Amino acid sequence: QVQLVESGGGLVQAGGSLRLSCAASGRTFNSYTMGWFRQVSGKEREFVAAIGWSGITTYYADSVKGRSTISRDNAKNTVYLQMTNLRPEDTAVYYCAATSLQVGPLITIVRNYAFWGQGTQVTVSS
């Protein structure tokens, strides 16, 4: 139903900015809540941010709130995560994902997402 491909990761200096993109395919893209997660080796996948189908409702983890902005362009079938003032602890593989659930506490749960991208590495140097 939905295929997702992340891009935009790389090496960035602490305090810098990065914009991740998630290109989606599938006619039902506009009906999905889209989320970003991140994972460090040996740790659980962690919720970062999510955005509702209309692009109006957003939800952020406390760890990135105020430093990140999630957005979507439904005409381009693309979701973005703009990250600023990056810290070394932001280093992780970042994944985008799609769920049929509405934005709310339940969309922070990994198991509630049916579709996932392959991930893109973000490394923040000190």
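What you see is a predicted model, and the numbers here were worked out from it, not measured in a lab. Computed from heavy atoms alone, side chains included, the values below leave out hydrogens, waters and symmetry copies.
- Applying the side-chain hydrogen bond (donor to acceptor under 3.5 Å, both in side chains) test to T123 and every residue at least two apart in sequence or in another chain returns Q121.
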Please tabulate, for the side chains in residues 107-117, all donor-acceptor contacts under 3.5 angstrom to protein atoms that are two or more places apart in sequence or on a different chain.
residue: T108; atom: OG1; partner: P105; partner atom: O; Å: 2.9
residue: N112; atom: ND2; partner: L106; partner atom: O; Å: 2.8
residue: Y113; atom: OH; partner: I107; partner atom: O; Å: 2.7
residue: W116; atom: NE1; partner: Y113; partner atom: O; Å: 3.3

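- With a 4.5 Å cut-off on side-chain heavy atoms, Q82 and T84 count as touching.
- The backbone N or O of T33 lies less than 3.5 Å from no partner atom in the side chain of T99, so there is not a single donor-acceptor pair.
- The side chain to side chain contact (heavy atoms under 4.5 Å, CB included) search around Q39 returns R45, Y95, not counting sequence neighbours.
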Anything under 3.5 Å between a donor and an acceptor, one on a side chain of residues 15-24, the other on a protein residue two or more places apart or in another chain? List them.
none

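- Partners of Y80 by ring pair (Phe, Tyr, Trp, His ring centres under 6.0 Å), not counting sequence neighbours: none found.
- Within a 6.0 Å sphere centred on CD of E89, heavy atoms belonging to other residues, nucleotides or ligands number more than 12.
- Note on V93: it does not cluster hydrophobically with L4, by side-chain heavy-atom contacts below 4.5 Å among ILVMFWY residues.
- To the nearest 0.5 Å, atom CG of residue N74 and atom CE of residue M34 are 9.5 Å apart.
- Annotation for Y32 and S100: closest pair CD2-N, 3.9 Å, computed over non-hydrogen atoms.
- Counting side-chain heavy-atom gaps under 4.5 Å among Ile, Leu, Val, Met, Phe, Trp and Tyr, V40 is found in no cluster with other residues.
- A 4.5 Å side-chain heavy-atom check between T69 and M83 finds every atom pair outside the cut-off.
- Listed by chain and residue number, V5, E6 satisfy the side chain to side chain contact (heavy atoms under 4.5 Å, CB included) test with Q118 (two or more places apart in sequence, or in another chain).
- The salt bridge (charged side-chain N to carboxylate O under 4.0 Å, His left out) test applied to R67 returns D90, not counting sequence neighbours.
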Pair V79, S71 - check side-chain contact (heavy atoms from CB on, under 4.5 Å), show working.
CA-CA 6 Å; V79 180; S71 61; over 6 Å; no
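- The distance from atom OG1 of T120 to atom OH of Y94, rounded to the nearest 0.5 Å, is 10.5 Å.
- Contact record, P88 with A14: CD-CB, 4.3 Å, taken as the closest heavy-atom pair.
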Listed pairs under 3.5 Å, donor-acceptor, residues 47-64 side chains, sequence neighbours left out:
residue: S54; atom: OG; partner: I56; partner atom: N; Å: 3.3
residue: Y60; atom: OH; partner: I70; partner atom: N; Å: 2.9
residue: S63; atom: OG; partner: R38; partner atom: NH2; Å: 3.4

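- Distance OG/S125 to CD/Q13: 5.5 Å, rounded to 0.5 Å.
- The salt bridge (Lys or Arg N to Asp or Glu O under 4.0 Å) pairs that include a residue from residues 69-78 number zero, where partners must be two or more places apart or lie in different chains.
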